[in-house]
Amino acid sequence: MNQSQQSSDGRHEEDTALTEFLASLMDYTPTIPDELVEHYLAKSGFQCPDLRLVRLVAVATQKFVAEVATDALRQCQARQASVVKDKRDKQQKDKRLILTMEDLSKALREHGVNVKHQEYFADNPSTGMDPASRDE
């Protein structure tokens, strides 16, 4: 078999796999509703009557959100594991993880999304003060 036949067979297998995957999307109900995906696609100027493509975007979005959530959980666990030893006794009693905006920001930054939260989150004592009086 020559190179062009092998390339053609490989392309045919890829096309078949893609066709089967797109067909399977018709039976799958993603976590993100079709209407929500269609809304944001339309808002960005994309119109597509093919429900399979809308569901493909929903699945990709669901995967992205799951990866960011997993990375944020790792950030949270790493942050809480680095607590000073005397505070560790209290942590043993309360094993709840508390996700902070910093954890989420770091996880999103790893995926190429830069998040800057507004000052109204009251992260510091000078939040809400007049900018001129902050420096005093």
Side-chain angles (χ1 to χ4, degrees):
M1 201 182 275
N2 64 25
Q3 184 69 19
S4 65
Q5 285 177 329
Q6 288 177 349
S7 177
S8 175
D9 289 344
R11 166 89 69 208
H12 178 68
E13 290 173 8
E14 290 174 5
D15 290 345
T16 303
L18 180 61
T19 304
E20 289 174 3
F21 175 70
L22 288 174
S24 71
L25 287 175
M26 293 305 292
D27 299 330
Y28 178 72
T29 305
T31 304
I32 302 170
D34 295 335
E35 295 80 15
L36 183 65
V37 175
E38 288 172 348
H39 169 76
Y40 281 104
L41 287 174
K43 191 173 179 179
S44 67
F46 184 80
Q47 295 288 329
C48 181
D50 192 355
L51 182 61
R52 297 175 304 174
L53 187 58
V54 171
R55 290 204 176 154
L56 181 62
V57 171
V59 169
T61 305
Q62 183 176 331
K63 181 181 182 303
F64 177 75
V65 169
E67 287 177 356
V68 169
T70 301
D71 290 347
L73 175 63
R74 283 192 204 117
Q75 291 287 338
C76 180
Q77 289 169 334
R79 177 180 46 81
Q80 290 187 345
S82 66
V83 174
V84 184
K85 285 189 176 186
D86 25 315
K87 292 185 179 180
R88 223 172 249 186
D89 294 333
K90 182 183 177 204
Q91 185 182 10
Q92 294 298 329
K93 294 175 187 173
D94 187 17
K95 293 191 180 219
R96 294 182 301 161
L97 297 174
I98 300 170
L99 180 68
T100 64
M101 190 65 189
E102 289 177 23
D103 299 329
L104 186 58
S105 294
K106 287 178 184 177
L108 284 168
R109 197 173 310 122
E110 290 177 7
H111 290 275
V113 178
N114 190 14
V115 175
K116 291 178 97 176
H117 56 271
Q118 300 295 322
E119 287 191 36
Y120 61 79
F121 281 146
D123 285 343
N124 58 41
S126 64
T127 300
M129 294 176 60
D130 183 29
S133 64
R134 285 186 195 169
D135 298 331
E136 295 175 357

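Contact detail for Gln47 and Ala42: the closest heavy-atom pair is NE2-CB, 3.6 Å.
A distance of 11.5 Å separates CZ in Arg96 from SG in Cys76, rounded to the nearest 0.5 Å. Distance check: Gln80 CD to Asp103 CG gives 8.0 Å after rounding to the nearest 0.5 Å. Note: Arg79 CZ to Leu99 CG = 7.5 Å, rounded to the nearest 0.5 Å.
Residues forming a side chain to side chain donor-acceptor pair (under 3.5 Å) with Lys43 (at least two apart in sequence, or on another chain): none. When the side chain to side chain donor-acceptor pair (under 3.5 Å) test is applied to Arg109, no partner is found at least two apart in sequence or on another chain. Residues satisfying the side chain to side chain donor-acceptor pair (under 3.5 Å) criterion with Asn114, sequence neighbours excluded, are absent altogether.
Clustering ILVMFWY residues whenever any of their side-chain heavy atoms sit less than 4.5 angstrom apart, transitively, puts Val113 in the very cluster that holds Leu104.
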Could you list the donor-acceptor pairs under 3.5 angstrom formed by side chains in residues 18-26, with sequence neighbours left out?
| from | atom 1 | to | atom 2 | distance (Å) |
| --- | --- | --- | --- | --- |
| Thr19 | OG1 | Asp15 | O | 2.7 |
| Ser24 | OG | Phe21 | O | 2.6 |

N/O donor-acceptor pairs under 3.5 Å from side chains in residues 33-41, not counting sequence neighbours:
| from | atom 1 | to | atom 2 | distance (Å) |
| --- | --- | --- | --- | --- |
| Asp34 | OD1 | Arg55 | NE | 3.4 |
| Asp34 | OD2 | Arg55 | NE | 3.2 |
| Asp34 | OD2 | Arg55 | NH2 | 3.1 |

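Here ring pair (Phe, Tyr, Trp, His ring centres under 6.0 Å) pairs that include residues 41-64, with residues two or more places apart or in two chains, are Phe64-His111.
Side-chain contact between Thr61 and Thr31 is absent, with no heavy-atom pair separated by less than 4.5 Å.
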